[in-house]
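Please read the structure below before turning to the comments.
Just so we're on the same page: letters track the sequence lines, and every chain starts at 1. Because the structure is predicted, anything quoted here is derived from the model rather than measured. In what follows, every heavy atom counts, from backbone to side chain, and hydrogens, waters and symmetry copies are set aside.
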Number of protein chains: 2
Amino acid sequence: MRNTFHKLRDDIENGILTGDFAPGERLDETQLAERFGVSRTPIREALMQLSAIGLIEFRPRRGALVADYGPKYVFEMFEVMAELEGMAGASAARRHTPEDKTLLLNAHLRCEEATANDDTDAYYYENEAFHHVIYAASQNSFLSEQCALLHRRLRPYRRLQLRVHNRMKASFDEHKQIIEKILSGDAQAARELLLAHVRVQGDRFSDLIASLEKIKAKATSDR
Amino acid sequence: MRNTFHKLRDDIENGILTGDFAPGERLDETQLAERFGVSRTPIREALMQLSAIGLIEFRPRRGALVADYGPKYVFEMFEVMAELEGMAGASAARRHTPEDKTLLLNAHLRCEEATANDDTDAYYYENEAFHHVIYAASQNSFLSEQCALLHRRLRPYRRLQLRVHNRMKASFDEHKQIIEKILSGDAQAARELLLAHVRVQGDRFSDLIASLEKIKAKATSDR
DNA sequence: GTCAAATATTTTGTATACAAGGTTTGCCAC
DNA sequence: GTGGCAAACCTTGTATACAAAATATTTGAC
């Protein structure tokens, strides 16, 4: 069985990724301890782990803050994510097994259902599963882990663009092409399609931030 | 000022990377506490952080073990490292600043000195600095951090091939070409050169393992 | 009434204490 | 002598305690 601090780490991490703990927020150890019904010790151990992967930051004598990356940094993360996904896709095209093929087609089918039902929540979930199948199909477990990790870290930022006009349909169409190239073993094409597929999310995030900045600037000048 | 657990983390990490603590070795918290003259609490906090980045593993009720990746996993890590370095190189070719140019040429110069003196230890150090300059020149701080992190994790495995015949000279020649492509802004060429430059290390590592396996198998059959 | 300084309180960072589980050793049986 | 079981000991995992530092509050002066 897993230990308390494992569970706490996942719970707190989840809280951060779902926005339960907002970026920049201070995480009070005593409060967390009460909330989870444990002592401060395992809470601290969980926080230490989260700080090591960059999800929170320790300020000396001032405790833990939820990391608040600037927009530039988030965009950079999307850039790296795109490259890693491209790599996974290329590797999957070269090395996928027959089982991977089944899994890919199944995952795609479930995405199709979500699209047909116009169920963005379901699509969000199935989309994640689809990408994880690609990671696994790369036959590179380290790459797969890194992709999954970064994917998770970017989750709150992808959330923002969930319901952008027509994005679900566009995403689904891109998946279709990606699958085709992976299954036909066209590594280069798979790489480029995935690169673009992920990059567009970074671009959208940038656009979003830019428009927010503009609004903010306008509000300031109006004052 | 930094806290005790920061220093401990770095010390223990260093111990692992330098081979002071061997892969698979168990890290006794009490022993470490005595050794560093502190209580078990900050030791644990340091270990938690190291476990989060995958340098050690916690076995329930059995404490921390230095992670002992199989050869396949290490090879996979080199594959990802190669891709990330390629990305950094391409990005550096597109976006390096005049200051980056100076830093790159200086780093290269110091590599040249080490080569001229046939000083593999110095070359090892300067080579690392050279690669870090490329990371920074990518102008992508997240990518830079990820590269540095993975680079560090692979250090003990690169160490094995330090004195392979003529590797230093070959490496230096590759650097020369890489610099050329980065400074001339040829992103694609820079990417491919760096990809190959790092991959060769993974290949060498594989070869080494394969030959070790062969020796081991022979020893077994001779029994 | 406001600003500043001093004190009180809260909170972090480290040490110590204790309980549960795992390992080792020693003893007994075969 | 060897194998298995039991008990003692050792280590981890969590809780509590305590000291140092930062923050909040209150009081006093202008």
Figure out the CG/P separation between B:Leu65 and D:dT12, and round it to whole Å.
10 Å
Within the 4.0 Å heavy-atom criterion, would you say A:Arg44 contacts the bases, only the backbone, or no part of the nucleic acid?
base
Anything under 4.0 Å to a heavy atom of chain A counts; send over the first and last such nucleotide of DNA chain C, read 5' to 3'.
C:dT11 to C:dT14
Please check if the distance between the ring centroids of B:His175 and B:Phe172 is under 6.0 Å.
no
Looking for any heavy atom pair under 4.0 Å, which part of the strands does B:Arg40 touch: base, sugar-phosphate only, or nothing?
base
Are B:Asp20 and B:Arg35 close enough for a salt bridge, meaning some N to O gap below 4.0 Å?
yes
Atom CZ of B:Arg61 and atom C1' of D:dT12: how far apart are they, to the nearest Å?
5 Å
Between D:dA21 (P) and A:Glu29 (CD): distance, integer Å:
17 Å
Name each donor-acceptor pair under 3.5 Å that joins a side chain in residues 52-69 of chain A to protein atoms two or more places apart or in another chain, with its distance.
unit_1	atom_1	unit_2	atom_2	d
A:Tyr69	OH	A:Gly54	O	2.5
A:Tyr69	OH	A:Arg153	NH2	3.0

Is any NZ, NE, NH1 or NH2 atom of the basic residue among A:Arg199 and A:Asp203 found under 4.0 Å from an Asp or Glu carboxylate oxygen of the other?
no
Spacing between A:Arg62 atom CZ and D:dA22 atom P, to the nearest angstrom
9 Å
Provide, to the nearest angstrom, the distance between the CZ atom belonging to B:Arg59 and the C1' atom belonging to D:dG13.
17 Å
Check A:Glu13 with A:Lys7, please: is the shortest side-chain N to carboxylate O separation under 4.0 Å?
no
Assign each of B:Leu27 and B:Thr41 to its nearest nucleotide of DNA chain D by heavy atoms, then name whichever residue's nucleotide is nearer the 5' end.
B:Leu27
Round to a whole Å and report the spacing from CZ of B:Phe58 to P of D:dT11.
16 Å
Any idea which heavy atoms bring A:Ala88 and A:Leu143 closest together, and the distance?
CA-CD2, 3.6 Å
